[in-house]
Amino acid sequence: MNYFLVKSEPFKYSWQQFLKDKQTFWDGVRNYQARNNLKDMKKGDLVLFYHSNEGKEVVGIAKVVKESYQDPTTTDERWVVVDLAPVETLKKPVTLETIKEDEQLQEIALVRQGRLSVMPLKREEFDRIVALGS
DNA sequence: GCCAACGTTGGC
DNA sequence: GCCAACGTTGGC
């Protein structure tokens, strides 16, 4: 079991929209590092959903329901998507500020490499964020 | 709206 | 294959 965090601008695709849709394919990744992380996702892996720009907080937990496949929005074979479904909404969103202040979360890419839109998390980091959000 | 970080592109 | 220029992302 692996753990990840994905970013989305609420303006473009929000957690609320995701809840409504029940399932979505995660498209729009056009960065090799993020793409490689997408490819590492296996069915059943858990994914934190982060709102960038507006909110700047982790809002919920999703899971991988289908592993990576060719991005249906482009014919460019370099890019892939995965299918995600919502699992649960965090009681309290965990803000970037909180994450930055937390000793256990100093190493995550969200802090260290702000622009990366799909990143792996260690189990402890995932658990920590979920704990902060409940 | 600005700017820093950083990835990508293209000229040499 | 290097590196400058450029574009994009995202925090502030």
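Just so it is clear, the values below take in all heavy atoms, side chains as well, and ignore hydrogens, waters and symmetry mates. First the proteins, then the strands, lettered A, B, ... as listed; each starts at 1.
To the nearest angstrom, C1' of dG10(C) lies 10 Å from CG of L96(A). Rounded to an integer number of Å, the gap from E57(A) CD to dG10(C) P is 16 Å. A straight line from NZ of K7(A) to P of dC6(B) spans 12 Å, rounded to a whole angstrom. One interatomic measurement links the two molecules: CD of Q33(A) to C1' of dG10(C), which rounds to 16 Å at whole-angstrom precision. One atom, CD of Q113(A), and another, C1' of dG7(B), lie 10 Å apart when rounded to the nearest Å. We find that NE2 of H51(A) is positioned 17 Å from P of dT9(C), with the value rounded to whole Å. Atom OH in Y50(A) sits about 15 Å away from atom P in dT9(C), given to the nearest Å. Rounded to an integer number of Å, the gap from CE of M119(A) to P of dC6(B) is 13 Å.
For K56(A) and dG10(C), the shortest distance from a side-chain N or O to OP1 or OP2 is not below 4.0 Å. Between dC6(B) and Y32(A), no contact under 4.0 Å exists linking OP1 or OP2 to a side-chain N or O. Taking 4.0 angstrom as the limit, K100(A) places a side-chain polar atom (N or O) nearer than this to OP1 or OP2 of dC12(C).
D21(A) and Y13(A) form a side-chain donor-acceptor contact under 3.5 Å, judged by distance and modelled atom types alone. A donor atom on one side chain and an acceptor atom on the other are found under 3.5 Å apart for D83(A) and Y69(A). At a cut-off of 3.5 Å, with distance as the only test, no side-chain donor of D76(A) or T74(A) sits close to an acceptor on the other residue.
With the nearest nucleotide of DNA chain B identified for both R115(A) and N53(A), N53(A) has the one nearer the 5' end.
Remark: K20(A) fails to qualify as a cation-pi partner of F18(A) under the 6.0 Å distance and 45° angle criteria applied to the six-membered ring.
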